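The structure's right below; bear with me while I get my questions together.
First the proteins, then the strands, lettered A, B, ... as listed; each starts at 1. Bear in mind that the values here come from a model prediction, so they are computed numbers and not experimental data.
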Amino acid sequence: MSVYDEIEIEDMTFDSTLQIYHYPCPCGDRFEIGIDDLRDGEEIAVCPSCSLTIRVIFELV
Amino acid sequence: MVQLLGFGSNGSGQLGIGHQDDVSSPTTARLELKHHQSIKKIVAGGKHTLVLSDDGVLLRAGSQTPGCRFVNFGNINNEPIQKHDCSTLTSENGTGLLRYIDCAATWEGSVGVLEDGTVESSGVGRKGELGLGIGVTTANDAKVIPSFPPDGTIVVDISASMSHVVAILSNGHVYGWGAGRKGQLGVPGIFWKPRRITEVQFRATRAVCGKDFTFIVGDPQHGEHMILGSDKWFVITNKPSVLPPWKDIGASWGSIYVLLETGEVLSWGRNDHKQLCPPGFPPVAKVAVGSEHAICLTESGKVIAWGWGEHGNCGPIPTDFGHDSPGFEIKYAGKVMLLGAGCATSWMVVSNLVP
C-alpha cells in the first residue's frame with residue numbers, strides 16, 4: 001500500500017486526552033493513530049476525511 | 001464589483017460558502033465586498049482561511065480556533081450575509097484603528113502585518129508558530145510580536161506553511177519563527193520568537209514556505225535563491241543553479257514553483273500526485289499553490305488546476321484519473337483578478353461577472 005508520507009513520531013503531536021498521535025493532512029484534516037495501535041505494531045496513521053495515510057517512523061522501546 | 005469563489009475541501013467551512021460540504025466547482029463565498037473593495041491576498045491554514053481586502057480588512061472563514069478576532073464570513077448556517085464595516089474590523093493598536101497590509105497562516109495560527117509596521121499573531125502554535133516567545137502556544141486575541149521588526153525596518157513580505165513563518169524586511173534581511181527541526185529556519189531548532197536567518201547571503205525580496213523547507217529569493221532579475229531545510233523530494237538537489245527572470249514564486253508542501261517572465265512555470269520537487277506544472281503548458285499569467293495542488297490563469301484567460309484534487313480543489317476529475325489531476329480547465333465567467341490555494345482548497349477572485 002502506498003502512503004502519502006513517512007513522518008517521524010517526534011514531528012507528530014500527542015493528545016493525552018485522546019491517547020493519539022496526530023499530524024496535519026494536506027486536505028486540512030489530520031492523520032491520527034492511537035498509542036495502543038502503535039504499541040501493537042501498527043504504523044499507518046489515517047485521515048478520517050480523505051484517502052491519504054502516513055507511515056509513522058518510530059522505535060519500540 | 002468582485003466576487004470570491006471557492007472550491008475544494010470544506011469540512012470546517014473554510015471556503016466560506018455557507019455550508020460544510022466539499023464542492024468541485026467555483027462557488028460564491030458568503031462575503032459582501034463594497035463596490036470599491038477588492039481582495040489582495042488569500043492564505044489558508046488547515047481549517048481556516050484569511051482573506052485580506054485591498055483596504056486593509058482581514059476576513060476569516062473556517063474553524064473557530066482561538067484568536068478569531070478578524071471579521072468572520074461564510075457562516076455555515078446560511079444566515080443572511082453579514083455586512084461589515086471597516087472601522088470595526090481593523091486592529092485597535094494603542095491610539096487608533098489600523099489596517100492590515102499583509103497576512104500569513106500556519107496550520108492553526110494567523111499572522112497579520114499592520115500598517116504601523118507591527119506584526120500580530122493569534123491562534124495556536126505548539127512549535128513556536130505564534131512567534132510570541134518561549135512556550136507561548138495559544139493566543140486567544142491577536143498579540144503583537146515583541147521587538148519585531150527591528151527599528152528602521154518594515155515587513156515587506158510574509159509567508160507561512162504548516163508550522164513556520166518567514167518574513168522579509170525592507171533592508172533585505174530574512175526572519176523566521178516556528179518549527180525548524182529540519183533546518184528550514186537556518187540552524188535546526190524550534191524558534192519561539194523571530195530569528196534572523198543569517199545564512200542568507202544576498203538581499204532577499206521574497207520567500208515562500210513548504211512544509212519542511214523555505215525558498216528565499218533575491219532580485220527577480222538576478223537569479224539569486226536559496227533553499228533551507230529538508231531535501232525531501234529532492235527539492236534542494238533538483239533546484240536550478242540560477243533562476244531566470246521571474247514574476248512570482250510559490251511552494252506546496254513538497255514542491256517549488258517559479259513563474260518566469262516568459263510565462264513558463266518552472267517547478268521541481270514532489271510529483272507523485274502530478275503536483276508539478278504539466279509539460280507543454282501554455283504561458284501563465286498568475287499561479288497560486290496549495291498543499292499538494294496548484295491553480296493558474298493562463299495568458300489567454302483560462303483557469304487550469306492540477307495536482308492532488310481529491311476534494312474537488314482541481315475541479316471535477318474523471319474517474320479514470322483517480323484523485324490526481326493532470327490539469328483540467330475550470331469554467332468561470334468574468335475576469336480573474338487573483339487566485340488562491342490552500343489545503344485542498346482553491347479560490348478565484350473574479351470581477352465583472354457576466355449576468
Open item on the list: Atom CZ of residue position Phe14(A) - does it have more than 12 heavy atoms of other residues, nucleotides or ligands inside 6.0 Å?
Closed with: yes
Task: Segment of His293(B) engaging chain A (4.5 angstrom heavy-atom cut-off) - done: neither
Open item on the list: Checking the side chain of Ser9(B) only, and the main-chain atoms of Cys27(A) only, is there a donor and an acceptor separated by less than 3.5 Å?
Closed with: yes
Open item on the list: For residues 29-37 of chain A, give me every residue with a non-hydrogen atom less than 4.5 Å from any non-hydrogen atom of chain B.
Closed with: Asp29(A)
- [ ] Kindly compute the distance separating SG (Cys50(A)) from CH2 (Trp308(B)), expressed to the nearest 0.5 Å.
- [x] 4.0 Å
Open item on the list: Ignoring hydrogens, what is the shortest heavy-atom contact between Cys343(B) and Gly28(A)? Give both atom names and the distance.
Closed with: CB-N, 3.8 Å
TODO: Measure from NZ or CZ of Arg126(B) to the centre of the six-membered ring of Tyr23(A), then state whether that distance is under 6.0 Å and the direction lies within 45° of the axis.
DONE: no
TODO: Check for a donor-acceptor pair, side chain of Lys127(B) on one end and backbone N or O of Asp11(A) on the other, with a separation under 3.5 Å.
DONE: yes
- [ ] Could you grab the distance from atom CG of Asp5(A) to atom NZ of Lys232(B), nearest 0.5 Å is fine?
- [x] 3.5 Å
Task: Distance (rounded to the nearest 0.5 Å) between Asp22(B) CG and Ser49(A) OG - done: 8.0 Å
Task: Atom pair NE2 (His311(B)) and OG (Ser51(A)), whose distance is rounded to the nearest 0.5 Å - done: 7.5 Å
- [ ] Let me know which of Glu292(B), His323(B), His273(B) forms a side chain to side chain contact (heavy atoms under 4.5 Å, CB included) with Leu52(A).
- [x] His273(B)
